[in-house]
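Some notes on the structure that comes next.
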Amino acid sequence: MSSIVGRDPRSLLEGLDERQREAAEALTGPVAILAGAGTGKTRAITHRIAFGVATGEFNPEQVLALTFTSKAAAELRGRLRGLGVEGVNARTFHAAALAQLRYFWPQVVGSDPPRLLDSKGRLLSQVAARQGLKVDAALLRDLAAEVEWRKVTGLSIEEYLGAARTPPAGLSLEQVAEVQSGYENAKDLAKAIDFEDVLLACAGMLETEPRIAVKIREQYRHFTVDEFQDVSPLQVRLLQLWLGSSEEVCVVGDVSQTIYSFAGADSGYLLKFPETYPNARTVRLETDYRSVPPIVKVANSLMRNRPGALDLVSSESAGSKSWSTPEVLAFESEQAEARAIAGKVAELIRQGVKPGGIAILFRMNAHSAEFERALSESAISYRVLGGPSFFELPEIRQAIMMLRASAIGKSREPLFKTVSDILRTLGWSQNAPEVGGAGRNRWEALNTIIRLAEQLPVGAGLSSLVRELEELASIQHEPDQESVTLATLHSAKGLEWEAVFITVLREGVLPISYAKTPAAIEEERRLLYVGITRARRFLNLSWSARSDQRSSGGSPSRFLAELANAS
């Protein structure tokens, strides 16, 4: 890795398109980067930070880049390192607030900070039981979501009762409020805080302790906020407290990708950014480097005339023949749909598309099983996004442990032979199993380690492979696996694939049955938009009239007519 010290700052702008360069050069004052799907927003913001450091405008240690996931923060840090920039704080809102609380709490209170709860489930379950309520895992998740929504939107429990909120199934709003009150009391008795309390406590500390606010504002002079369309009122309150009177903030987002309103996200902060900061500079990134023209056309048609929607333009020539026109297909049942999609996946693989470049997306996790069954019948390996990560898989944890132990000694055997001999003891073989299911998925996971070993420089030893695996695990970067991805539309956000199948596009599924209001329907529209814009070259949209052979008929999603006309 080269250092940015002594480097010509203008060299950092090479390779950026005109709008990305404009964003990178906008170093002072409030900046809004409206970045559509596939337009290179991470590239733009990392080059902006690097350019600021190289020109001397930014001290890297005074830059705080805020993200919504630890994975996104790790990617930012990795890309900045690649540009020669060290010392930038790239963290989630929660991680930044927690670090400040842990540092300043003893100074303010004179004791260690409260214990942070790993999960709300246990306390909520105990409170609900004391109140005579029967709860299962699904209801506990719903109750936790209500606690989180109330806190991030800044409501007291009394105000929550007056909100236009639909309570979880089987409970009244009063019962939910009573559970929340009991949860807060139990949490206080346990001297614990939850993740939302971290933000609340940090904001409260800044508001009541001016000397601490001054210290933090001296520490951080430049802020970058990724995915600004997903910020909650609580996060905006904290950001404003971090900024104080400063306007050195760059926000990045896309209103059309707002899909977490149910959890308190409010895209209004992005839409109204120019009103909040009248001297703000706005840069629009609309050249899509991900999707081919037919897919971009479908995506644009879905969001046409929506507030804040960007008009994407594919970077690829419309005359290319390296893609197919997006298809809209109908089936009698989900079983038939799943088998047909599995057949299409197999055909793409025969044509040379790697399994890891294919995704099957759906609105709800409940639809995964039918596709898992169909892929297994076709002997196609798959992974379910949202399940255990690659490095959490038992076979991978065991493999790394065995590789680490073997690396202590010296081996004269070639790396491939050493690794393959170890993995054979865990069930790996030279040839892939001819059947699908769990055994094939286990083989694919182990074979990923084999492929990583083959990618190392000639002469690399076992210790080099172990270091590579440990580095990937530390930055939460999962190696590419030769498996088809099954995922909900929500979990697919931020990812991309060569080919995407968006399935079960039936009324009551997408839009979901409980989306009753115009705002809720628009959120479902944006969710489909996110799914469409995950595809690079192939897109398939499908629906089935029935969930199984015994169900009554259904109708296609209202969005499909628009998309069929566009494609």
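Treat the numbers as computed from the prediction; the structure is a model and nothing was measured.
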Determine whether [X] and [Y] make a side-chain contact, defined as any pair of heavy atoms from C-beta on separated by less than 4.5 Å.
X      : Y      : result
Phe371 : Thr503 : yes
Pro167 : Glu146 : no
Asp194 : Asp197 : yes
Ser111 : Pro106 : no
Thr485 : Tyr382 : no
Asn540 : Pro326 : no
Ile400 : Phe391 : yes
Val251 : Asp226 : no

Parallel, tilted or perpendicular, as decided by the 30° and 60° cut-offs, for the rings of Tyr160 and Trp149: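 Perpendicular, since the angle between the ring planes exceeds 60°.
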Aromatic ring pairing Phe93/Trp242, orientation class (parallel under 30°, perpendicular over 60°, tilted between):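 Geometry flag for Trp242 against Phe93: parallel rings.
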Kindly compute the distance separating [atom1] ([X]) from [atom2] ([Y]), expressed to the nearest 0.5 Å.
X      : Y      : atom1 : atom2 : value
Thr258 : Leu271 : OG1   : CG    : 7.5 Å
Ser368 : Phe362 : OG    : CZ    : 4.0 Å
Leu133 : Leu143 : CG    : CG    : 8.0 Å
Lys120 : Arg141 : NZ    : CZ    : 14.0 Å
Leu486 : Leu361 : CG    : CG    : 9.0 Å
Ser181 : Ile157 : OG    : CD1   : 4.5 Å

CA sep, side-chain torsions, deciding dist, call: Phe273, Tyr269, ring-ring contact (aromatic ring centres under 6.0 Å, His included): CA-CA 6 Å; Phe273 191 80; Tyr269 294 110; over 10 Å; no
Assess whether atom [atom1] of [X] is packed by more than 12 heavy atoms of other residues, nucleotides or ligands within 6.0 Å.
X      : atom1 : answer
Phe262 : CZ    : yes
Asp118 : CG    : no
Phe195 : CZ    : no
Arg306 : CZ    : yes

Main-chain N/O of [Y] paired to [X] side chain as donor or acceptor, under 3.5 Å:
X      : Y      : value
Thr153 : Gly264 : no
Gln131 : Glu178 : yes
Glu524 : Ile512 : yes
Gln126 : Leu123 : no
Glu227 : Thr67  : no
Ser291 : Ala535 : yes
Arg77  : Ala90  : yes
Arg506 : Ser555 : no
Ser378 : Ile380 : no
Glu523 : Ser261 : yes

Salt-bridge test for [X] and [Y]: reply yes if a basic N is under 4.0 Å from a carboxylate O, no otherwise.
X      : Y      : answer
Arg525 : Glu562 : yes
Glu184 : Arg150 : yes
Arg442 : Glu395 : yes
Asp254 : Lys41  : no
Arg339 : Glu370 : no

Looking only at heavy atoms, what is the nearest atom pair of [X] and [Y], with distance?
X      : Y      : value
Ala445 : Ile396 : O-CD1, 3.5 Å
Leu64  : Tyr220 : CB-CD2, 3.7 Å
Gly253 : Leu270 : C-CD2, 3.6 Å
Met303 : Ser256 : CE-OG, 3.7 Å
Ala65  : Leu76  : CB-CD1, 4.0 Å

Trace of the side chain to side chain contact (heavy atoms under 4.5 Å, CB included) decision for Thr92 with Phe68: CA-CA 5 Å; Thr92 65; Phe68 277 80; over 6 Å; no
Intermediate values then yes/no, side-chain hydrogen bond (donor to acceptor under 3.5 Å, both in side chains), Ser544 and Glu334: CA-CA 5 Å; Ser544 45; Glu334 277 186 36; 4.6 Å; no
Verdict with supporting geometry, Tyr277 and Lys272, side chain to side chain contact (heavy atoms under 4.5 Å, CB included): CA-CA 9 Å; Tyr277 298 96; Lys272 296 178 181 177; over 6 Å; no
Donor-acceptor pair between Gln229 and Ser267 side chains, under 3.5 angstrom: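 No, no side-chain donor-acceptor pair sits under 3.5 Å.
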Lys493/Asp230 under salt bridge (Lys or Arg N to Asp or Glu O under 4.0 Å): CA gap, chis, key distance, verdict: CA-CA 12 Å; Lys493 189 171 184 292; Asp230 288 333; 3.7 Å; yes
Contacts table for residues 199-213: side-chain donor-acceptor under 3.5 angstrom, sequence neighbours left out:
| residue | atom | partner | partner atom | Å |
| --- | --- | --- | --- | --- |
| Glu207 | OE1 | Arg237 | NH2 | 2.8 |
| Glu207 | OE2 | Arg237 | NE | 3.2 |
| Glu207 | OE2 | Arg237 | NH2 | 3.4 |
| Thr208 | OG1 | Gly204 | O | 2.8 |

Residue pair Val530, Leu489: steps toward the side chain to side chain contact (heavy atoms under 4.5 Å, CB included) verdict: CA-CA 7 Å; Val530 165; Leu489 288 163; over 6 Å; no
Steps toward side chain to side chain contact (heavy atoms under 4.5 Å, CB included) verdict (His490, Leu527): CA-CA 7 Å; His490 278 102; Leu527 188 56; 3.6 Å; yes
